[in-house]
Amino acid sequence: MSTTARTTAPAPGAAKARDLFPPPPAFAARARINPSSWTAQRLDDAAADPLGYWEAAADALEWRTRWTKVLDWQAPRAKWFVGGTLNATESCLDRHARTWRRTKAALIWEGEPGEVRTLTYGQLHDEVCRFAGALRALGLDKGDRAAIYLPLVPEAVIAMLACARLGVTHSVVFGGFSAEALGSRINDASCKVVITADGGARRGQVVRLKETVDKALADGACPTVTNVVVVRRTGHEVQMAPGRDLWWHDVTREAQPVTEAVAVDAEHPLYILYTSGTTGKPKGVVHSTGGYLVGVARTMRWVFDLKDEDIFWCSADVGWVTGHSYVVYGPLANGATVFLYEGAPTYPGPDRFWSMIARHKISILYTAPTAIRTFMRLGDQHVKRHDLSSLRLLGSVGEPINPEAWRWYHQTVGGARCPVVDTWWQTETGAIMASPFPGMTPQKPGSCTKPLPGLAMDVVHQDGSRCADDEQGFLVIQAPWPSMMRTVWGDDERFRQTYWVQVKDPATGAPWYFTGDGARRDKDGYLWVIGRVDDVVNVAGHRLGTAEVESALVLHSAVAEAAVVGRPDEVKGQGIVAFVTLKDGRQPSEALVEELKRQVVGEIGSFARPDDIRWANALPKTRSGKIMRRLLRELATTGRVTGDMTSLEDFGAIAALRPSEE
Ligand code: PRX
């Protein structure tokens, strides 16, 4: 790893006066946390007594049995709320369905073609109980795993919660992943059931999800799968394998509702979510039930200043962690009204987002910098055509947001009256870790401000010593937190090696959690996350391991070797450039460029399509045989190579690298 992070992130540094945005007074006056609120007092206590802070946060959930100990920490193994039992759906549904919220909207969904469905807490509770009954009838039980491969329709939320109600660990796979990627995830977690749909609506087309599932399961490729449950969404014809495939509407009609949720241990795995790392094989990040819910419920309430009358829209798909934590578990644990949208952000026109905000009176919008930059390019007129006065708070997640995009979001979308919460976190952290409190923390465009209470985070050198103000180093987390990932599914050692060996407390030798991000801390203690320092790229807010793309490329019969790097991209944050050497007798061609791009789409999904393929006679390597990625990154970014090349095995390799277009 190197401390030189690589993205289009803002140049950090001390903010100028015009770069400081104090919370608007009208917002602050009504905020849950403002400088004079009782909660603000408690924030100071959190630093002195983090366990007390988290224990108080846990009190906001519904437990079957109270814990006897807040934390058992045998690094890197954490158990939070030891001895506590609960079921996530009781906190997210049952307790609301018992009150006036029974008739409050839990989900307001808009399909891409324009239809709208609303489910109240009472209705969502009933649907979840029924579908849990259907899964139970298919033989699913506490401790089993089910894969969910759905478009963003209410059934995706229902399916996740139905699994949770039975103590079944769900593994949601984003609908953009290919059959190969889906199949390997199903097998890694030995899923018994796959829940999918005939298709989803995207950009006016049908995404044929069932067909992809069929491909993934073909020829007994996923031997643990006994059944596939299919939601009828688009209505086009699909193949139903007799005895294996069942329609959602049939199995739920016959189901016996699970009115009594299955209590699980606080540490029981609520879900597995695969994410990219530095090797070709994605990691199954395992999240707990109790600690995870505590983290997402608390951050949902405080970071988003959530009130009962809010209509909250997190535009992420449920296939990513943001969708798990801030479309499903965080909002529902707080009894919030969640808006969901199925389709493409600019379909059928560039103002789709703004039209939905105006029509549904959305009050909080949480989206990604890539989307913000796309809208910014499309022009202000599309935003200004709509009445966005319902908005009171804006959020950003997934990548560094450049100050220009931040300002546009604040001014053009938020009318300068909405604070912007730039939230830093990861699949592994489960919940937001660094963010302003919108009614209290002055914001600086491009900074996620400070770690939230109860957390210990800092910017350090590789030896663990603290970086000076404005000095770039590694972002680390120095103490366990409730929503932290518990392990890599089936690979404890990988969990330790990936996160817990890189940086240690220099005073005690205790391991710290290594985020993989480079950052700086300014003189006010604000964090400026620059981007990944490992071989992970962040393309349009989608995290990808360069090794995954390389593995996909070398499967092609023409490819001898491939090296993949990220390069800055004005809209997507980063784009993908692949340097490829061909086998003897194979010639570069435009047709081969397209074939290789298709190969990556087939192995991973369309979001991983390389932007550029470049041919090389040989890849530049060190004497020990490591590909010189720094050099390739530089070449991908600037087209030139500078710096020290003395450890190059083959200088000729550099000269041979040239854009495929040439
Ligand atoms: O590099 C950081 C970037 O996204 C990475 C985590 O990606 P993923 O696990 O897919 O989760 C994304 C949604 C939480 C981080 O290591 N990242 C996320 N949020 C921010 C960010 N970089 C800068 N600022 C952020 N607010």
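Whatever order the structure lists them in is the order used to number ligands and atoms, beginning at 1. Values below: every heavy atom of this structure, side chains too, minus hydrogens, waters and symmetry copies. All of these numbers come straight from a predicted model, not from anything done at the bench.
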Residue, atom name and distance, where the atom is the protein heavy atom closest to [atom]:
atom                    : value
atom 13 (C) of ligand 1 : Thr322 OG1, 3.4 Å
atom 2 (C) of ligand 1  : Asp517 OD2, 2.9 Å
atom 23 (C) of ligand 1 : Pro400 N, 3.2 Å
atom 19 (N) of ligand 1 : Gly398 N, 3.1 Å
atom 7 (O) of ligand 1  : Arg543 CD, 3.5 Å

Do [X] and [Y] have side chains that approach each other closer than 4.5 Å (heavy atoms only, starting at C-beta)?
X      : Y      : answer
Ile477 : Leu455 : no
Val577 : Leu635 : no
Leu340 : Val157 : yes
Met433 : Gln426 : no
Leu161 : Leu332 : yes

Mark up the atoms of ligand 1 that fall under 4.0 Å of a heavy atom belonging to Asn538, in ascending order.
->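 Answer, ordered by atom number: 3 (C), 4 (O).
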Under 4.0 Å from any heavy atom of Val397, which atoms of ligand 1 are there?
->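 Result: 13 (C), 14 (C).
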Any chance you could measure Phe177, atom CZ, to Ser184, atom OG, to the nearest 0.5 Å?
->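 Nearest 0.5 Å value for the CZ-OG distance: 9.0 Å.
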Any N/O of Ser396 closer than 3.5 Å to an N/O of ligand 1?
->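 It does not: no N or O of Ser396 is found under 3.5 Å from an N or O of ligand 1.
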Could you tell me whether some N/O pair between Thr275 and ligand 1 is separated by less than 3.5 angstrom?
->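 Between Thr275 and ligand 1 (N or O atoms, distance only) the closest approach is not under 3.5 Å.
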For ligand 1, is there an atom lying under 4.0 Å from some heavy atom of Cys448?
->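 Contact absent.
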CD (Gln497) with more than 12 external heavy atoms under 6.0 Å =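 Yes, enclosed.
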Report the part of [X] (side chain from C-beta onward, or backbone N, CA, C, O) that has a heavy atom under 4.0 Å from ligand 1; answer both or neither where that applies.
X      : value
Ile401 : neither
Thr427 : both
Glu399 : backbone

Do the charged groups of Arg352 and Glu110 touch, with an N to O distance under 4.0 Å?
->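 Counted as a salt bridge, because a side-chain N and a carboxylate O are separated by less than 4.0 Å.
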